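Report on the structure given below.
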There are 2 protein chains.
Amino acid sequence: MDHGTRAEPRERLSRDTVLRAAVALADEYGIARLSMRSLAEVLGVVPMALYKHVANKDDLLDGMLDVIVGEIDPPVEEREWRDVIRRRVLSARRVLRRHRWARRVLETRTAMTPGVLAYTDSFIGMFLERGFPVDLTHHVMHAIGSRMWGFTQELFDDPEADPAQAAADAVPDQAALQQMAMRYPNVLRVAMASTHDDGVVGRGCDDQFEFEFALDLLLDGIGDRHARGWTSARPGADR
Amino acid sequence: MDHGTRAEPRERLSRDTVLRAAVALADEYGIARLSMRSLAEVLGVVPMALYKHVANKDDLLDGMLDVIVGEIDPPVEEREWRDVIRRRVLSARRVLRRHRWARRVLETRTAMTPGVLAYTDSFIGMFLERGFPVDLTHHVMHAIGSRMWGFTQELFDDPEADPAQAAADAVPDQAALQQMAMRYPNVLRVAMASTHDDGVVGRGCDDQFEFEFALDLLLDGIGDRHARGWTSARPGADR
DNA sequence: CTTGACGAGTGTACGCCGTACACCTACCGT
DNA sequence: ACGGTAGGTGTACGGCGTACACTCGTCAAG
C-alpha cells in the first residue's frame with residue numbers, strides 16, 4: 001500500500017496554497033487568530049516552512065489581499081458609466097463582507113501588489129473609456145476610494161506615513177517605470193496628470209484638495225436630499 | 001537635599017498622564033512602536049504599573065482615541081448647516097493628521113467610549129438642530145462616517161464582527177440605557193428611529209441600504225461634475 | 001502615636017508571537 | 001551516479017501582553 005500515489009504523499013506547498021489557506025483561516029477565526037504558527041499547523045507543516053513561500057507576515061497579508069481582489073467581478077459590458085461603476089463597487093463590497101478581516105488589513109497596508117494595481121487600472125479604465133477626463137477621474141478615484149474601496153486609497157500619497165521607511169520606495173527606477181507603463185497604463189496616465197510640471201511621477205497630488213473634493217460631493221448630495229424632503233421609503237413592517 | 005519637594009519625587013501616574021504619554025509616543029514613533037513596555041519606560045516605571053490605570057492594551061488604545069477626539073473643535077455658531085458640518089469635519093481631519101496612527105486604530109476598534117459618544121451626539125445634534133429629520137440624519141451619519149470620520153462608523157452595526165465576542169455586549173441593561181438617554185439624547189433618537197417596530201434599540205439598521213445611500217450620494221455628485229465639464233482649476237505653476 | 005487597610009508601583013514568570021540561521025533530504029537534470 | 005537546489009525541519013532569540021503575588025508609602029481611625 002505504498003506504491004504509486006501514497007495515502008498522504010505530503011502535498012507540496014506553494015505560495016498560492018499558503019495564501020488561500022491563510023484567507024480561509026482568517027475568514028473562519030478572524031485575523032487576530034491568524035499567526036504564522038497557526039497557519040503552519042492547518043497546513044500540517046512547521047512554521048518556518050512558510051517562509052519558503054512568503055517573505056514574511058506582511059508579505060503574507062499583501063498576498064491575501066491580492067487573492068481576494070481577484071474575487072471582485074470584472075466590469076460588466078454597459079454603456080452607462082454609472083451602472084458600470086455602481087456594480088463594480090457593490091461587487092467589491094460583497095468581497096469585503098465575505099472577508100471581514102480585509103478592511104482592517106487594507107487600512108494597515110499600502111498594497112501596490114500586482115493584483116491591486118491591475119484592479120485599480122481596470123477601475124480607472126471604466127471612467128476613462130467612458131469619456132471622463134483624466135483630471136476628474138483622478139479626483140473621483142480619491143473620492144470613491146475610501147468607504148467604497150473602489151481601490152486602495154493611499155496609492156500615490158503620504159510619502160512619510162511611517163516616519164522611518166520614507167526613503168524605502170523613493171525613486172522608482174526607469175525599468176520599473178516602463179513595466180508600469182505597459183501593464184497599468186491607466187494608473188500611469190492618472191498619476192502623470194497629477195503632476196504639475198515635468199514628466200516625473202512625483203508628489204503632485206494635493207491631499208487636502210482631494211479631501212475637500214470628496215467632502216463637497218457628499219455635502220452636495222446631502223443638501224439635495226434635504227431640500228427635496230427625501231425620506232427613506234423602506235416598507236413598514238417586515239424585512 | 002531630601003526635604004520638602006525632593007529633586008525627583010517620583011510623580012504619581014494617573015490614567016490621564018498615561019494616556020497622554022501614549023499619544024505622544026505614538027505620534028513620535030508610530031503606533032507599531034507603542035508597547036506597554038516602551039510606554040512604561042518613557043514614564044520611568046515598570047510595565048505592570050500601567051495596569052493600575054488602564055485595564056489592558058485595548059483599553060489604552062480606546063483611551064488614546066478618547067483623548068484626541070477631545071481635540072476636535074466644537075461646532076461653530078452658524079446658521080448654515082453646511083458650513084457647520086464642513087468646518088467640523090475639517091477639524092476632525094486636522095486631528096487625524098496630527099495623529100497619524102489614529103485612523104488605523106479607529107478601524108480596529110468599535111469605540112463607544114464616553115468621549116466618542118459625546119462627539120457623536122454633538123455631531124448628530126448639528127443636523128437635528130438645523131431641521132434635518134431624524135431619518136435622514138441617520139443615513140447621513142453613515143454616509144459621512146467613513147472617510148470623513150464625522151464619527152466612528154460602526155456605532156450601531158455589525159453584531160458579530162468578531163465571531164467570538166458577539167454576545168459580549170448583548171443587551172444593554174435598563175440602567176445603562178437610561179444613562180445613555182440623558183447623556184446622549186441625539187444618539188438615542190437616531191438609534192431609536194432605525195428600529196422598525198417597538199422601542200428596543202435593536203438591530204434595525206440595514207447595512208446594505210446605508211452603503212448604497214452613500215454610494216449614490218457620491219455617484220450623483222460625480223455625475224454632476226462630469227455633466228458640467230468640471231475641472232480642477234488649480235493654478236498652474238507654484239504651490 | 002500606633003495601626004492597619006489600601007492603592008500605587010514592583011518582580012517574576014508564562015505563553016504567545018515573528019523569524020534568523022543552520023541543517024536535512026528528496027528530487028532533478030546532467 | 002551525482003551534485004545542486006528547492007522545500008521542509010529544529011532550535012533558538014528577543015519582544016510582546018499580562019497573571020499573580022509582593023512591597024511599601026500614605027493616611028484615617030483608634
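Proteins get letters first, then strands, A, B, ... in listed order; numbering begins at 1 in each. Because the structure is a prediction, the values reported are computed rather than measured.
Judged purely by atom type and a 3.5 angstrom limit, A:Thr17 has no side-chain atom pairing as donor or acceptor with the backbone of A:Leu13.
Distance A:Leu50 CG to D:dT9 C1': 12 Å, rounded to the nearest Å. In this structure, the CD atom of B:Glu41 is 14 Å from the P atom of C:dG11, given to the nearest Å. For the pair A:Leu39 CG and C:dC16 P, the computed distance is 17 Å after rounding to whole Å.
For A:Phe211 and A:His142, the ring centers are positioned 6.0 Å apart or more.
Among the candidates A:Arg109, A:Arg15, A:Lys57, the single residue satisfying the salt bridge (charged side-chain N to carboxylate O under 4.0 Å, His left out) test with A:Asp62 is A:Arg109.
Remark: B:Asp27 does not engage B:Arg20 in a salt bridge, criterion side-chain N to carboxylate O under 4.0 Å. Residues B:Glu28 and B:Arg33 are not paired through a salt bridge, judged by the lack of any N-O separation under 4.0 Å between the basic side chain and the carboxylate. Between A:Asp73 and A:Arg94 there is a salt bridge, since at least one side-chain N of the basic residue sits less than 4.0 Å from a carboxylate O of the acidic one. For A:Arg183 and A:Asp121, the salt-bridge test fails: no basic side-chain N is under 4.0 Å from an acidic carboxylate O.
Ranking C:dG18, C:dG11, D:dG10 by closeness to the A:Arg37 side chain, first place goes to C:dG18. Closest contact between the side chain of A:Tyr51 and the listed nucleotides C:dG9, C:dT19, D:dG8 involves C:dT19. Out of C:dC17, D:dT18, D:dG10, the shortest distance to the side chain of B:Met36 is found at D:dT18. Out of D:dC16, C:dG11, C:dC17, the shortest distance to the side chain of B:Ser35 is found at D:dC16.
Along DNA chain D, the nucleotide closest to A:Ser14 and the one closest to B:Leu34 are compared, and the more 5′ of them pairs with A:Ser14.
Within residues 55-63 of chain B, the residues having any heavy atom under 4.0 Å from DNA chain D are, by residue number, B:Asn56, B:Lys57.
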Task: Base versus backbone protein contacts along nucleotides 21-28 of chain C [heavy-atom cut-off under 4.0 Å; B, S, -] - done: B-------
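The phosphate of D:dG8 has OP1 or OP2 within less than 4.0 Å of a side-chain N or O from A:His53.
Here the side chains of B:Pro75 and B:Ser122 are in contact, with some heavy-atom distance below 4.5 Å.
Ring geometry for A:Phe123 against A:Tyr119 counts as perpendicular: the plane angle is over 60°, on a 0 to 90° scale with 30° as the lower cut.
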